[in-house]
Engineer: 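The following block contains the structure, expressed as structure tokens.
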Protein chains: 2
Amino acid sequence: MATIYQVSELAGVSLATVSRVMNNNARVSEATRNKVLDAMAQLGYRPNSIAQSLASNRSNSVGILVSELHGPFYGEMLSGIENECRAAGKHVIIAAGHSEAESEKDGIEFLISRNCDALILHVEAVSDDYLIKLAGGKLPIVLINRYIAKLADNCISLDNELGGYLATQQLLQQGHTQLAYIAGPMWKSDAKDRYAGHLRAMAEHGLTFNPALLAEGDFRDSGGSACMQRLLATKLPFTALVCANDEMAAGAMEVAREQGLQVPQDLSIVGFDNLILARYIYPKLTTIDYPIGEMGRMAARWVLKNIYQQQALQLKNVFEPALVCRDSACSL
Amino acid sequence: MATIYQVSELAGVSLATVSRVMNNNARVSEATRNKVLDAMAQLGYRPNSIAQSLASNRSNSVGILVSELHGPFYGEMLSGIENECRAAGKHVIIAAGHSEAESEKDGIEFLISRNCDALILHVEAVSDDYLIKLAGGKLPIVLINRYIAKLADNCISLDNELGGYLATQQLLQQGHTQLAYIAGPMWKSDAKDRYAGHLRAMAEHGLTFNPALLAEGDFRDSGGSACMQRLLATKLPFTALVCANDEMAAGAMEVAREQGLQVPQDLSIVGFDNLILARYIYPKLTTIDYPIGEMGRMAARWVLKNIYQQQALQLKNVFEPALVCRDSACSL
DNA sequence: TTGTACGCGTTATCAT
DNA sequence: ATGATAACGCGTACAA
């Protein structure tokens, strides 16, 4: 592989000049610039990004930590991030945190050890304090899907409360008054917020929620199934069900079908996230759209603006969810 | 950030000695080793991986090119790769190729410019010749889901022909004799191979395939829907349908339902890939399992063994698909 | 076993 | 506008 030195030799200029034409930062005469460009082309020169990093103290890489690489959710997010970063010539290093505190910390350590210029984190298990301390270091971080007041500027989050509100409101407007709710793990803030939105919508319609019709799941379809069984076992009547995410909605729907309930005639269901699967299950799921791809993009833009000085970019910290009407909920 | 130099000073030894204890390669006395370790701990020393890379000419990073980051397929693959790599302390740089030749080449160039030690590629649009030339360079590559005879050792592939055979055989064993087939884009080798397997199974059962019952799709659900409509428009009778992947099966199933066909009573359908959605659609899809996660793992192991000298690893180049029986196909 | 000194391929700070 | 030259932090012959 040709080095900058060989280029300078062939072009008959110094090292420094070659570096200048590469980085376009200092004035170089048209004539010498062309000589250098020619030499580069002849030698098939490629800058060694490692050496660049060492000398400039920038790795041009941004580290991403997600809970899982598989699953329908993170792919969208990664896709948004990668797009934006690559267009800017930055590369993306990924690690998985598996929703477990130690593992998340491990992943973060790993990314730090890789000299990333910034970190984009989708973490769930790690504490606010840990993140605040981390943010206090010299390595900038952006948080996706998490809001910490002290780090508000570094958070790209969804208004989960509003989402929960919209989901429930839709059912109430369709005339339902007996609603059940399958929640996510209540120690997760998004699960809590979505539920809060549910309660707000109920209250606004003058309804009180029967705690017996609340089941706490795990955000997975098996959990949704289990919760649905528990709800049915109460023998309490309900004509509509809101689920804190689509996967649990799918699990619940399956159980409903097994029990001979028609969706949506006997039971209306609304989910949350608008995963791809929401379009595949039958009947197609009415749900709340979570613009995770856009949020990934925005996190990348945050980094580009704050770390790589792309001043022009517009930033936005909190995204609003929107209702997506399909076939799983209908009027009473 | 502390450097190796400060550690050596605090420990009262030379640079070289510190380097030796880090890399565990040369003998260092127990006493000095401990002094060094202590000094490291005191300073909170972290090796600078960039400098390590420059000096050792190894970046400890492996580049991954996939078609898309989102979608149900690549996530599994990335997950397998990341797992295996991180356990070995290597990191993973990702790029998307979007199934388009120029874009795939771009992505590869991008990864090369990042000084990866090896590349794991899931490419579809780029030519065999390009890949053979690429493999001729100094940067090792592994191909997933692609078989090129000249690069056989670098290919981790699935026996697609066998998969196509198994899918069709299942239907034939269930007594079906009138089968339709929705293929992938025939310029893709996996689409071609799966179809070849279909034909072999038909032939073995003494059946000849009616070309009018073949529709060529695009591996996406909308294509599956379109193909299904074309097939129905022929008015030719068929009681079973083989789809070259799950997404098209989902699209076809939707059209079938709209046309009042009951699956599987009126029409048996089998897919290919065993995506997560296969479990979510209704009825649950009988399909061929594509062990893409395992294959990603294996590609990572290939790199660990061949590039990072982990001799102990067992390698395997071609994987066998297996039938997964669910509810979308039944006996006549 | 330990230390010296050079090289890895750039960037950046001086001069000129 | 261009050229020397010193970092950047580490690996590794070679020497001791």
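Proteins come first, then strands; the chains are lettered A, B, ... in the order of their sequence lines, and each starts at number 1.
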Engineer: Decide if the gap between the ring center of B/Y290 and the ring center of B/F73 is smaller than 6.0 angstrom.
Structural biologist: yes
Engineer: What's the verdict on side chain to side chain contact (heavy atoms under 4.5 Å, CB included) for B/V66 and B/I120, showing C-alpha distance, side-chain angles and the deciding distance?
Structural biologist: CA-CA 9 Å; B/V66 295; B/I120 296 178; over 6 Å; no
Engineer: With a 4.0 Å cut-off on heavy atoms, is A/R46 in touch with a base, just the backbone sugar-phosphate, or nothing at all?
Structural biologist: sugar-phosphate
Engineer: Please determine, by modelled atom types, if B/Y74 and B/S67 share a side-chain donor-acceptor pair under 3.5 angstrom.
Structural biologist: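 Yes, because at least one side-chain N or O of B/Y74 sits under 3.5 Å from a partner of the opposite role on B/S67.
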Engineer: Nearest whole Å is fine: how far is D/dA7 C1' from B/I50 CD1?
Structural biologist: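 Rounded to the whole Å, the gap is 16 Å.
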Engineer: Using a strict heavy-atom distance below 4.0 Å, which residues from residues 29-41 of chain B are in contact with DNA chain C?
Structural biologist: B/S29, B/T32
Engineer: Taking the axis from the first five pairs and the axis from the last five, what angle separates them in the helix from C/dT1-D/dA16 to C/dT16-D/dA1, rounded to 10 degrees?
Structural biologist: 30°
Engineer: Rounded to the nearest 0.5 Å, what separates atom CG in A/N317 from atom SG in A/C155?
Structural biologist: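 The CG atom of A/N317 sits 7.5 Å away from the SG atom of A/C155.
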Engineer: Regarding A/E82 and A/R297, does a basic nitrogen lie under 4.0 Å from an acidic carboxylate oxygen?
Structural biologist: no
Engineer: Take atom CG of B/N60 and atom P of C/dC8, then tell me their distance rounded to the nearest Å.
Structural biologist: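 Whole-Å distance recorded here is 20 Å.
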Engineer: Would you check if there is a donor-acceptor pair between the side chains of A/N145 and A/S157 at a distance under 3.5 Å?
Structural biologist: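 There is no such pair between these side chains.
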Engineer: Under a 4.0 Å heavy-atom cut-off, which of residues 3-23 of chain B touch DNA chain D?
Structural biologist: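 Those residues whose heavy atoms fall under 4.0 Å from DNA chain D, taken from residues 3-23 of chain B in numerical order, are B/T3, B/I4, B/A16, B/S19, B/R20, B/N23.
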Engineer: Looking only at the side chains, is there a donor atom on one of B/R33 and B/N24 sitting less than 3.5 Å from an acceptor on the other?
Structural biologist: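 Yes, because at least one side-chain N or O of B/R33 sits under 3.5 Å from a partner of the opposite role on B/N24.
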Engineer: Rounded to the nearest Å, what distance is computed from the CD atom of residue B/Q52 to the C1' atom of nucleotide D/dC10?
Structural biologist: 7 Å
Engineer: Do B/K305 and B/Y308 form a cation-pi contact, if we require the NZ or CZ to be under 6.0 Å from the six-membered ring centre and within 45 degrees of the ring's axis?
Structural biologist: no
Engineer: Between B/V28 and B/S56, just flag the one whose closest nucleotide in DNA chain C comes earlier from the 5' side.
Structural biologist: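 Final value for this comparison: B/V28.
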Engineer: Flag the pair B/R146 and B/D128 as a salt bridge only when some basic side-chain nitrogen lies within less than 4.0 angstrom of an acidic carboxylate oxygen.
Structural biologist: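 Between B/D128 and B/R146 there is a salt bridge, with a charged N closer than 4.0 Å to a carboxylate O.
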Engineer: To check you understand the geometry: which heavy-atom pair defines the closest contact between B/S59 and B/D117, and what is its length?
Structural biologist: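 Heavy atoms only, the tightest pair is N-OD1, 3.0 Å.
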Engineer: What distance do A/R301 atom CZ and A/I81 atom CD1 have between them, rounded to the nearest 0.5 Å?
Structural biologist: 12.0 Å
Engineer: Quick one: B/N57 CG to D/dG11 C1', roughly how many Å, whole number?
Structural biologist: 11 Å
Engineer: Starting from P on C/dG9, measure out to CG on B/L54 and report it in whole angstrom.
Structural biologist: 7 Å
Engineer: Starting from C1' on C/dT2, measure out to CG on B/N25 and report it in whole angstrom.
Structural biologist: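 Taking atom C1' of C/dT2 as the reference, CG of B/N25 is at 14 Å.
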